[in-house]
Amino acid sequence: MFEGKKLLVTGASSGIGAHLALHFAGLGARVAVAARRATALEAMAEKQPNLAPITLDVGDPDSVRTGVAAAVEALGGLDGLINNAGIGLTGRASDVTEADWSAVIDVNLSGVFRVAQAAARAMGQRGGTIVNMASILGFGVQPGVAAYAAAKAGVVHLTRALALEWARQGIRVNAIAPGYFPTDMNRDYLESPDGQAYLKAIPMRRFGRLEDLEGPMELLLSPKGAYITGITLPVDGGHLCRAL
Ligand code: NDP
């Protein structure tokens with residue numbers, strides 16, 4: 001189903017993005033892997049010839065324009081986007097600096113919009129699929145994540161707005177809201193006693209494994225999900241429906 005498909009994955013130099021890029025490349029897709037750390041992307045592409053490294057900063061509109069254009073040229077078109085780049089920020093709301101607030105909103109919300117817009121322009125009337133990376137923190141909150149949670153809630157709503165506007169040109173826009181998956185962004189915290197305490201709030205009593213995201217992403221990216229647009233699909237071991 002993904003053989004020969006042309007995909008762009010942002011935030012592909014580590015964690016969820018790297019895992020999904022390698023997964024779809026393994027299924028025969030040609031995948032442009034985009035992030036700021038060019039050396040990490042090049043190392044991935046040396047091992048998996050279906051990957052094309054693209055240096056791109058989602059916080060910089062010019063970099064998004066040129067990066068998405070380079071991806072489209074390298075792939076010979078664009079069928080799908082995994083709009084995944086993001087940064088974490090923790091800290092009490094009363095202490096968050098203006099610069100940190102702006103950085104999180106710029107990368108995690110405006111960056112998602114910038115890349116989606118550039119991808120949709122490249123897809124044009126041929127259609128395509130876009131999957132944004134939200135978070136269960138786009139639906140629920142906990143102390144210390146105000147900017148991150150606000151940005152991810154923005155991604156949930158942006159996903160609906162873009163789905164509405166682009167449905168008539170055959171572009172489906174959905175999102176995945178992962179629960180807690182240990183990656184560079186949060187591994188130290190999740191392994192700490194405070195992080196381990198979250199396990200009690202997850203009905204399945206385990207953190208996510210990167211492979212848990214493969215099936216949901218395949219559904220939303222492929223014709224198997226042809227009548228699905230505008231949704232955000234939680235992949236969280238039941239975390240959002242925990243008992244009060
Ligand atoms: P990682 O830190 O491993 O990956 C983040 C990726 O985003 C990296 O490849 C990084 O690459 C890239 N990135 C960060 N800033 C930019 C930028 N300005 N321009 C381009 N790329 C950028 O974390 P995860 O894999 O966990 O995170 C991936 C996504 O999943 C994020 O959106 C995150 O919010 C979301 N998520 C993660 C959860 C988890 O539990 N892990 C839970 C819910 C959502 P580089 O530094 O090379 O630019």
Side-chain angles (χ1 to χ4, degrees), residues 8-23 31-44 51 53-68 70-71 81-90 100 102-116 118 131-142 145 147-156 158-159 175-191 195 198-199 202 206-213 216-217 232-237 239-240:
L8 167 61
V9 182
T10 68
S13 58
S14 61
I16 291 171
H19 181 86
L20 290 173
L22 288 166
H23 173 70
V31 185
V33 282
R36 294 166 302 175
R37 282 173 291 170
T39 46
L41 301 172
E42 281 154 14
M44 287 168 67
L51 301 182
I54 303 287
T55 309
L56 182 157
D57 180 350
V58 303
D60 175 350
D62 287 338
S63 173
V64 170
R65 255 191 306 277
T66 55
V68 173
L81 164 67
I82 299 177
N83 206 357
N84 164 78
I87 53 174
L89 175 71
T90 48
D100 281 346
S102 297
V104 170
I105 300 297
D106 192 46
V107 171
N108 290 6
L109 178 56
S110 306
V112 167
F113 173 70
R114 283 182 197 114
V115 179
V131 183
N132 298 324
M133 202 55 72
S135 164
I136 55 170
L137 288 168
F139 295 108
V141 286
Q142 66 186 53
V145 294
Y148 183 90
K152 292 298 186 181
V155 171
V156 172
L158 175 67
T159 298
I176 284 178
Y180 294 157
F181 286 69
T183 65
D184 293 352
M185 186 179 282
N186 55 17
R187 189 174 291 107
D188 289 347
Y189 179 72
L190 292 180
E191 285 172 1
Y198 277 119
L199 284 171
I202 304 172
R206 68 169 176 87
F207 294 130
R209 302 179 188 121
L210 295 178
E211 52 271 28
D212 293 325
L213 295 166
M217 191 58 78
T232 296
L233 176 63
V235 180
D236 67 348
H239 203 156
L240 278 175

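Counting convention: from 1, in listed order, for ligands and their atoms alike. FYI, the numbering just counts along the sequence from 1.
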- request: Would you mind checking if Asp212 and Arg209 are paired as a salt bridge, meaning a charged N to carboxylate O distance below 4.0 Å?
  value: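 Looking at Arg209 and Asp212, the cut-off is not met.
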message: Any salt bridge linking Arg114 with Asp57? Criterion: basic side-chain nitrogen under 4.0 Å from a carboxylate oxygen.
response: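 Looking at Asp57 together with Arg114, the answer is no, because their closest N to O distance does not fall below 4.0 Å.
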Say whether [X] and ligand 1 are in contact under the criterion: heavy-atom distance to a ligand atom below 4.0 Å.
X      : result
Phe207 : no
Leu56  : yes
His19  : no
Gly208 : no

Specify the protein heavy atom at minimum distance from [atom]: its residue, its atom name, and the distance to 0.1 Å.
atom                    : value
atom 12 (C) of ligand 1 : Gly11 CA, 3.5 Å
atom 9 (O) of ligand 1  : Ser13 OG, 2.8 Å
atom 15 (N) of ligand 1 : Arg36 NH2, 3.3 Å
atom 4 (O) of ligand 1  : Ser14 OG, 3.3 Å
atom 32 (O) of ligand 1 : Asn84 O, 2.8 Å
atom 27 (O) of ligand 1 : Met185 CE, 3.7 Å
atom 44 (C) of ligand 1 : Ala134 O, 3.2 Å
atom 37 (C) of ligand 1 : Ile16 CD1, 3.7 Å

Need the ligand 1 atom indices (1-based, order shown) with element for anything under 4.0 Å from a heavy-atom of [X].
X      : result
Pro178 : 42 (C), 43 (C), 44 (C)
Asn186 : 39 (C), 40 (O), 41 (N)
Tyr180 : 40 (O)
Ile87  : 14 (C), 15 (N)
Met133 : 29 (C), 30 (O), 35 (C)
Tyr148 : 33 (C), 34 (O), 35 (C), 36 (N), 43 (C), 44 (C)
Ser135 : 43 (C), 44 (C)
Gly15  : 3 (O), 25 (O)

query: Is there a donor-acceptor pair under 3.5 Å between the side chain of Asn186 and the backbone N or O of Phe181?
result: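 Checked: pair present.
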Heavy-atom donor-acceptor pair, Thr10 side chain to Ala85 backbone, under 3.5 Å: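 Yes; at least one donor-acceptor contact below 3.5 Å.
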Spatial distance of atom [atom1] ([X]) from atom [atom2] ([Y]) [nearest 0.5 Å]:
X      : Y      : atom1 : atom2 : value
Leu41  : Arg36  : CG    : CZ    : 11.0 Å
Asn108 : Tyr148 : CG    : OH    : 6.5 Å
Ile176 : Asp236 : CD1   : CG    : 11.5 Å
Leu213 : Met133 : CG    : CE    : 6.0 Å

message: Considering both backbone and side-chain atoms of Thr183, is one of its nitrogen or oxygen atoms within less than 3.5 Å of a nitrogen or oxygen in ligand 1?
response: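 Yes, there is a polar N/O contact under 3.5 Å.
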message: Under 3.5 Å between any N/O of Phe181 and any N/O of ligand 1: does that happen in this structure?
response: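 Between Phe181 and ligand 1 (N or O atoms, distance only) the closest approach is under 3.5 Å.
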query: How does Asn108 reach ligand 1, by side chain, by backbone, by both or by neither, if only non-hydrogen atoms under 4.0 Å count?
result: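 The answer is neither.
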- request: Specify side chain, backbone, both or neither for Ala12, according to which of its non-hydrogen atoms lie closer than 4.0 Å to ligand 1.
  value: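 Ala12 to ligand 1: backbone contact only, side chain stays beyond 4.0 Å.
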- prompt: Are any non-hydrogen side-chain atoms of Tyr180 and Tyr189 less than 4.5 angstrom apart?
  reply: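 No, every pair of side-chain atoms sits at 4.5 Å or beyond.
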- request: Could you pull out, from Pro182, Ala85, Gly86, the option with a heavy atom nearest to atom 5 (C) of ligand 1?
  value: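 Nearest heavy atom to atom 5 (C) of ligand 1 lies in Gly86.
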task: Looking only at non-hydrogen atoms, find the nearest pair between Lys152 and Ser135 and report the distance.
output: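 For Lys152 versus Ser135, the nearest heavy atoms are CG-CB, 3.7 Å.
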message: On a heavy-atom basis, which atom in Val33 and which in Ala21 lie closest, and how many Å separate them?
response: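 It is CG1-CB, 3.5 Å.
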field: For Asn132, the option from Asn84, Asn83, Thr232 that meets side-chain hydrogen bond (donor to acceptor under 3.5 Å, both in side chains)
entry: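 When Asn84, Asn83, Thr232 are each tested with Asn132, the side-chain hydrogen bond (donor to acceptor under 3.5 Å, both in side chains) holds only for Asn83.
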